[in-house]
Each structure stands twice: as C-alpha cells, then as structure tokens.
Amino acid sequence: MTMKCISRLRPHRVIQDQDGLDGMGEGGCCWTDLLPELLREVLVRIEASESSWPSRRSVVACAGVCRSWRQIIKEIVKVPELSGKLTFPISVKQPGPKNCPVYCFIKRNRPTQTYYLYLSLTSALSDDGKFLLVARKCKRPTCTDYIISLCVDDVSKGSNYVGKLRSNFLGTKFTIFDGQPPHAGAKMTRSRSSKLVSLRQVSPRIPCGNYPVAQISYELNVLGTRGPRKMECLMDAIPATAIEPGGVAPTQTEFSHSNEDFFPSIPFFRSKTTRADNFISGPLNDKKDGALVLRNKSPRWHDQLQCWCLNFRGRVTVASVKNFQLVASQENRPASPEHEKIILQFGKVGKDLFTMDYRYPISAFQAFAICLSSFDTKIACE
C-alpha cells in the first residue's frame, strides 16, 4: 500500500525547492492534507522497514516528494555513524559506523582506467551492489590524478565532482582533495584546478574547490628489498581524539553545489567567504592533539606458505602487494583497544575485483581515495 501511494505521488514530485512551495498543491493527492504527526509516523515506518538497498530507494523517493516530506526524512534518517546505513549521496562523505564496518567492493576497468565503488548488498564477496562512486585515472607529466565523481557516466570536475587523489612522480606520496570544505574554516589549495568550471555545467558559478583532507606516504622500497609495503595516512581533517571515547569526527550534512551564497560571484580565489551551516562539528581549531594518523598493519611471515600473511577474515582471497589493513597509530599515546580496530581493509578477490571495508572515523570517499593510491604505479616501492 505504501509503495502504491508513493508511486501515485511521483508525477507531482518536486525536484528543487521554489519560493513559497511548501506542499503538493491543492487536489494533488489525499496525502497532501495529512496531519504532520500522522505523516511523520508513516515516514518513520517506511524508513524502519526499508533498511537495505535496493528497497531503501523508497526512502529516497519520499524525500523527493516535496519540501515538507524532505525535511521530515532528513530528521528521521540518521548519519551512517549512528545508523550504519548509506541512504543519500552525502552519506559517502560522512564517517562510517563505529560498531561494524561497511562492506564495499571495487571493480577495475583496465582499458578505461576507471574504478567503480559499490556497496555490498549481501555477504558474498561479489554481487551487483549499490553504486556509490567512480574514479578515473588521468596521467600528467609530473603526477597522476584520480578524479572521483558521484555519476557513473560523468567523471569530470562538474556538478558531480566529489574530490580527487593526486600522486607525485614516483608514486610514493599522495594527497586527497575534497571538492568542498571538510569542516568550517578549511582552506582551499590554490591551483589551476581551482578555476571556475566550464560552461557545460548547470551553474557556471560553481568552482572545483580542492581542499586537502589527507596525505598518504609509502616508504621507499626499491626492488622490494625491505619486505612488504609500508604506508602512512595523515588524516588532516580528522582529529586524533576522534577515535577516543566521546571523540567527534567532522561530518558534512549536505553538498554545497547548489548553494550560490557559498560561492560568491567574484573570482573564487579572492573570496574568503565560508559557511559553517553544513557541518555538524566545528573546525579543527585545537591542533595540540594533532591529526589522526593511520598506518598499515604489519603482516607476519608464514614459514609453511613462504609468504607474508594478514588475517582478512575471509574477505580477501588473492595474494597481492596491494592488500592492506589500516589501524590508528598510537603516536606516543597509551595503547588502547581503539588502536587495534581495523579502520580500513582492502584486498584482492579477483582479477579486477577488490573488497573495501571501512568504519568510523573515515568516510567512503576517504576510504576509496586511500585504496586508489594502492592501485597507482610505484616506481620506488616495488
């Protein structure tokens, strides 16, 4: 019955808010004059019953009916950190759940040098999955860029641009850039990519912002004489206290692409205008605790198998130099159980298929970008 009513409302669905538009309009549907309390109860039940994809698209459909429905849905749907569910596109920018990892997988297309991130729908190592993000490799004379987008058919710095990963020439150092400020007060890196987007985009005012949120370093290991890869991730946008009891990680609540007041009409590189409304937590003003540092878990040498091994708990089945597990670095702090938790796990299960499991305090976007660094050619680390 619920789905039938929702489908009847689709022709009247409002995609963008308009001034003075608060509902469906007179005579649109019997649900138009529903009491707010009753409407909220109906939407709460829909959100609770449609707990996984693909049925969870009903919750997204409800948010697209009108402004009042969308406001209620935004209040009902909790962030992944609390619910463990990825519902709206902004969920890929929000920290994962604390209690359990989010299971994803990456498909690699070698001819086009494109990588697709999917949310796993079953416990199987591979399934159809729910598409989340896509990245395309762009080689440059002195570096390599991986452009990350929300749209499977549009991997560019347009309206679907999420961020990018950039490597140095040797493939030993990488920087993750977010397309919008990760927290209030974040500063954008000045580069040629900070210019306004092309006229083919929906709004020419929207710039391709590049805010550095993480730095990844691989230890030099020419010819592999020093054993397995060693990597370190400095999460500039996440405080080290985020993994401690009561700690908070910055959480974006909406994309800023549609907000013209966020991007003034004057040249973007001259603007110092910022807006803090889109973030649950404040800026990282207190730097005494430093940023969160992640390091890969050191594998053990197996005498019988004659190889380096890690316990991936059945989520990785193919040996590869790309496989890794990241945990929080103690950084002169007392050892605690939080430092033993695997925050990000990545490994190979097929020729062009890899699993990616992440959890709080990093987001799907940050986890995906870190995994992309493992794909890149490393002249001085192989």
Side-chain angles (χ1 to χ4, degrees), residues 80-81 92-106 115 117 120 133 135 146 148 163 165 167 171-176 178 182 212-219 221 227-244 247 249-250 290-300 308-316 319-333 335-349 354-376 378 381:
E81 178 183 344
V92 300
K93 290 288 197 74
Q94 298 172 337
K98 290 185 176 182
N99 299 327
C100 61
V102 177
Y103 297 110
C104 306
F105 61 92
I106 298 174
Y115 305 83
L117 176 65
S120 297
L133 294 168
Y146 291 82
I148 304 175
L165 173 74
S167 74
T172 57
K173 296 184 181 297
F174 298 79
T175 303
I176 301 175
D178 199 328
V213 295
Q215 302 174 48
I216 309 168
S217 301
Y218 287 83
E219 184 179 280
N221 188 9
R229 288 180 179 176
K230 293 183 179 179
M231 62 185 296
E232 178 180 282
C233 301
L234 177 62
M235 311 302 295
D236 298 318
I238 304 176
T241 55
I243 63 171
E244 298 177 359
L292 177 67
V293 178
L294 304 179
R295 287 179 178 166
N296 66 312
K297 199 171 183 179
S298 299
R300 296 180 296 103
W308 297 96
C309 296
L310 277 173
N311 183 10
F312 289 95
R313 303 187 182 278
R315 290 285 294 168
V316 178
S320 173
V321 69
K322 298 178 177 63
N323 302 347
F324 66 80
Q325 292 176 331
L326 293 184
V327 295
S329 174
Q330 295 182 13
E331 290 294 308
N332 299 323
R333 293 171 177 269
S336 67
E338 298 299 325
H339 291 90
E340 297 298 324
K341 290 183 179 179
I342 298 174
I343 294 177
L344 174 59
Q345 174 175 286
F346 173 75
K348 192 173 185 179
V349 294
F354 303 80
T355 56
M356 187 197 87
D357 307 332
Y358 76 97
R359 64 188 304 161
Y360 176 91
I362 66 174
S363 64
F365 160 68
Q366 294 167 338
F368 186 38
I370 294 174
C371 292
L372 289 174
S373 72
S374 187
F375 285 108
D376 197 60
K378 297 167 180 57
C381 298

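Positions are given from 1 along the sequence.
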Any donor-acceptor N/O pair, Arg229 side chain to Ser374 backbone, under 3.5 Å: yes
Check the pair Leu372 / Tyr115 against side chain to side chain contact (heavy atoms under 4.5 Å, CB included), numbers first and verdict last. CA-CA 8 Å; Leu372 289 174; Tyr115 305 83; 3.8 Å; yes
Can you tell if the side chain of Ile342 reaches within under 4.5 Å of the side chain of Leu326, non-hydrogen atoms only? no
Under a 3.5 Å distance rule, please check whether Asp236 uses its side chain to pair with a backbone N or O of Pro212 as donor and acceptor. no
Asn296 (side chain) donor-acceptor with Met231 (main chain) under 3.5 angstrom: yes
For the student: nearest non-hydrogen atoms of Ser217 and Lys173, plus distance: OG-NZ, 3.8 Å
Do Tyr103 and Thr355 come within less than 4.5 Å of each other through their side chains, counting heavy atoms only? no
Answer whether the closest heavy-atom distance between the side chains of Cys104 and Tyr358 falls below 4.5 Å. yes
I need the minimum non-hydrogen distance between Pro250 and Pro239, along with the two atoms involved. CD-CD, 3.9 Å
Going by side-chain hydrogen bond (donor to acceptor under 3.5 Å, both in side chains), Gln345 matches just one of Lys297, Gln325, Arg315, Arg313. Which one? Gln325
With side chains defined as the heavy atoms from C-beta onward, is the minimum distance between Leu165 and Thr175 less than 4.5 Å? no
Can you check whether Gln366's main-chain N or O pairs, donor with acceptor, with Ser363's side chain at less than 3.5 Å? yes
Kindly indicate, with the supporting measurements, whether the criterion side chain to side chain contact (heavy atoms under 4.5 Å, CB included) is fulfilled by Val213 and Met235. CA-CA 6 Å; Val213 295; Met235 311 302 295; over 6 Å; no
Can you tell me if Arg359 uses its side chain to pair, donor with acceptor, with the backbone of Lys98 under 3.5 Å? yes
Side chains of Val293 and Cys233, heavy atoms from C-beta outward: is any pair under 4.5 Å? no
Can you list everything that forms a side-chain hydrogen bond (donor to acceptor under 3.5 Å, both in side chains) with Glu81? Sequence neighbours excluded, please. none
If you compare all heavy atoms of Ile238 against all heavy atoms of Ala249, which two are closest, and at what distance to 0.1 Å? CG2-CB, 4.4 Å
Distance check, rounded to the nearest 0.5 Å: Arg300 atom CZ versus Cys309 atom SG? 7.0 Å
Over all atoms of both residues, closest heavy-atom pair of Lys348 and Asn323: N-OD1, 3.0 Å
Measure the shortest side-chain to side-chain distance between Leu292 and Pro361 over non-hydrogen atoms and say whether it is less than 4.5 angstrom. yes
Which heavy atom of Ala364 sits nearest a heavy atom of Leu117, and at what distance? O-CD2, 4.2 Å
Let me see the working for Phe324 and Cys371 under side chain to side chain contact (heavy atoms under 4.5 Å, CB included), right down to the final yes or no. CA-CA 9 Å; Phe324 66 80; Cys371 292; 4.1 Å; yes
Ignoring hydrogens and angles, state whether a donor on the side chain of Ser373 or Tyr146 is under 3.5 Å from an acceptor on the partner side chain. no
Are any of the side-chain heavy atoms of Ile343 and Val327 separated by less than 4.5 Å? no
Here the pair of heavy atoms bringing Gly96 nearest to Tyr360 is O-CB, 3.1 Å
Derivation of the side chain to side chain contact (heavy atoms under 4.5 Å, CB included) call for Asp357 and Leu344: CA-CA 6 Å; Asp357 307 332; Leu344 174 59; over 6 Å; no
CD1 on Ile243 to CD1 on Ile362, rounded to 0.5 Å: 12.0 Å
Pairing residues for Phe354 by the ring-ring contact (aromatic ring centres under 6.0 Å, His included) criterion, not counting sequence neighbours: Phe346, Phe375
